[in-house]
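Letters A, B, ... mirror the listed sequences (proteins, then strands); counts begin at 1. Nothing here was measured: the structure is a model prediction, and the numbers come from that model.
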Amino acid sequence: MNALAKIDSSPIDVTPDGSDYETVRRVIEMITLDYRDQPSLEAIASELGQSPTQLQKVFTRWAGLSPKAFLQAVTLDHAKRLLGKEELPLLEASYELGLSGPGRLHDLFVTHEAMSPGEWKARGGGLTIRYGFHSSPFGQALVMATDRGLSGLAFADLGCEQAALDDMMRRWPNAEYVPDQEMTAPYVGRVFDRANWSCDQPLKVVLIGTDFQVRVWQSLLKIPFGKAVTYSDVANDIGQPTASRAVGAAVGANPISFVVPCHRALGKSGALTGYHWGLTRKRAILGWEAGNA
DNA sequence: GGTTGTCCTTTAA
DNA sequence: TTAAAGGACAACC
């Protein structure tokens, strides 16, 4: 608790555009709330008490897209395009690159290791997890790491940090948690700045979950930037074509959001079906990827 | 759009 | 080991 207080008083703003997210979030909410009568830029701007040009600037800086283009990028139509016709071969193709050894999983270049079932059963017992809050392009980011690598990444809107922390701590109740912003800070720059995505220094992540969950997450890691798959695609990929619904549950339990790109999993129709940290954020991330492709 | 069918994981006896 | 509950689904009114 006092840990939180300390965090609040000394936020580390690693990403300069982090504060833009609050504006962007509200724009997205407005757009999707009444998408039928597409509000004009002027209408949105006045609602937020900003000038249209100012809003345009913030938006473009954040997304790499104008509000209008962003709007396009978040439509059902565009989602279907992400799914594409050739998404299955794509999965197959990257398959052999996959699980053995440090490969090019994820454009972020991730090496991962999974916890053993025994470690999972211990519910994090014997594990020391260091954590810290940092601002990110998608709101406050809660970063968690063990000495073996990144183990958790969660999001929270301003003022809701405690809820996110509770949520994450509930997953591994027996672990020991130590607030340590200095230790977690470097991950933020590493993860959210594409310039730092390279294979020279693969990002180490630790997947803590059941066997099934880990298989699902590994499958997600193979989805390239700017692409998307359906839940049934993932089910196919792990060799259990009828388990799409269980896949959904596993995707939802993903502890390292963004890095494990659970936002690139869509319903078969291309509809965004759900997101643990809020649908708005899923839209934001997808739109951001469209603008930073 | 809502509603139902199905099937697999999880969790708790 | 078994049983019950329930899903970020998908298909079908």
Side-chain angles (χ1 to χ4, degrees), chain A residues 25 28-29 32-37 73-80 82-85 87-88 91 106 114-125 138-139 141-142 152-157 160 163-164 166-175 207-223 227-289:
Chain A
R25 179 178 67 82
I28 298 172
E29 266 169 7
T32 48
L33 211 61
D34 29 57
Y35 66 100
R36 266 172 291 256
D37 39 52
V74 176
T75 56
L76 192 68
D77 208 43
H78 182 261
K80 282 181 181 160
L82 285 185
L83 290 173
K85 289 278 191 291
E87 89 280 356
L88 229 46
L91 271 186
H106 199 284
M115 296 248 122
S116 70
E119 285 174 303
W120 166 247
K121 261 179 119 173
R123 305 243 155 210
F138 311 106
L142 168 58
L153 180 53
F155 291 110
D157 290 327
C160 304
D166 289 342
D167 184 302
M168 294 302 284
M169 283 164 82
R170 222 173 299 129
R171 297 167 193 242
W172 314 296
N174 297 334
L207 268 21
I208 312 177
T210 64
D211 178 59
F212 179 80
Q213 288 171 337
V214 169
R215 265 158 52 221
V216 169
W217 300 336
Q218 286 173 337
S219 179
L220 290 178
L221 279 172
K222 293 185 295 183
I223 311 171
K227 275 283 171 186
V229 298
T230 66
Y231 294 96
S232 11
D233 289 336
V234 176
N236 272 314
D237 188 52
I238 62 173
Q240 298 184 34
T242 56
S244 59
R245 204 157 177 177
V247 165
V251 171
N254 163 36
I256 319 181
S257 47
F258 191 78
V259 174
V260 175
C262 53
H263 52 278
R264 295 184 197 146
L266 310 176
K268 198 151 214 173
S269 66
L272 275 60
T273 41
Y275 194 64
H276 189 80
W277 308 109
L279 268 182
T280 298
R281 206 178 314 268
K282 189 168 182 176
R283 284 197 189 89
I285 296 175
L286 251 15
W288 182 86
E289 291 198 345

Discussion item. Working to the nearest 0.5 angstrom, can you tell me the gap between A/His276 NE2 and A/Cys262 SG?
Written reply: 9.5 Å

Practice prompt. State plainly whether the residues A/Asp233 and A/Lys268 are in salt-bridge range, i.e. N to O under 4.0 Å.
Written response: no

Worksheet item: Taking atom CG of A/Leu207 and atom CZ of A/Arg215, what is their separation to the nearest 0.5 Å?
Response: 13.0 Å

Worksheet item: What pair of heavy atoms forms the shortest contact from A/Val214 to A/Ala114, and how long is it?
Response: CG1-CB, 3.7 Å

Item to complete: Check whether the side chain of A/Tyr231 and the base of C/dA8 form a donor-acceptor pair under 3.5 Å.
Response: yes

Worksheet entry | Partners passing side-chain hydrogen bond (donor to acceptor under 3.5 Å, both in side chains) against A/Arg245 (at least two apart in sequence or in another chain) | none

Practice prompt. Rounded to the nearest angstrom, tell me the gap between atom CG in A/Leu83 and atom P in C/dC9.
Written response: 14 Å

Item to complete: Working to the nearest 0.5 Å, report the span between CZ of A/Arg281 and CH2 of A/Trp288.
Response: 14.5 Å

Discussion item. Applying a 4.0 Å non-hydrogen cut-off, can you work out what A/Ser232 is touching in the nucleic acid: base, sugar-phosphate, or nothing?
Written reply: sugar-phosphate

Discussion item. Within the structure provided, determine whether A/Leu266 and A/Leu286 are in side-chain contact (heavy-atom separation under 4.5 Å).
Written reply: yes

Would you tabulate the nitrogen or oxygen pairs shorter than 3.5 Å linking the protein to nucleotides 7-12 of chain B?
unit_1: B/dC8; atom_1: OP1; unit_2: A/Thr242; atom_2: OG1; d: 3.1
unit_1: B/dT9; atom_1: OP1; unit_2: A/Gln240; atom_2: OE1; d: 3.0
unit_1: B/dT10; atom_1: OP1; unit_2: A/Thr210; atom_2: OG1; d: 2.4
unit_1: B/dT10; atom_1: OP2; unit_2: A/Thr210; atom_2: OG1; d: 3.3

Fill in: Residue pair A/Trp277 / A/Ser257: nearest heavy atoms and the distance that separates them
NE1-OG, 3.5 Å

Worksheet item: Rounded to the Å, how far apart are A/Asn254 CG and C/dA8 C1'?
Response: 11 Å

Response to the item:
Those stems involving DNA chain B that have three or more consecutive Watson-Crick or G-U pairs, both distances under 3.5 Å, are B:1-5 with C:9-13, B:7-13 with C:1-7

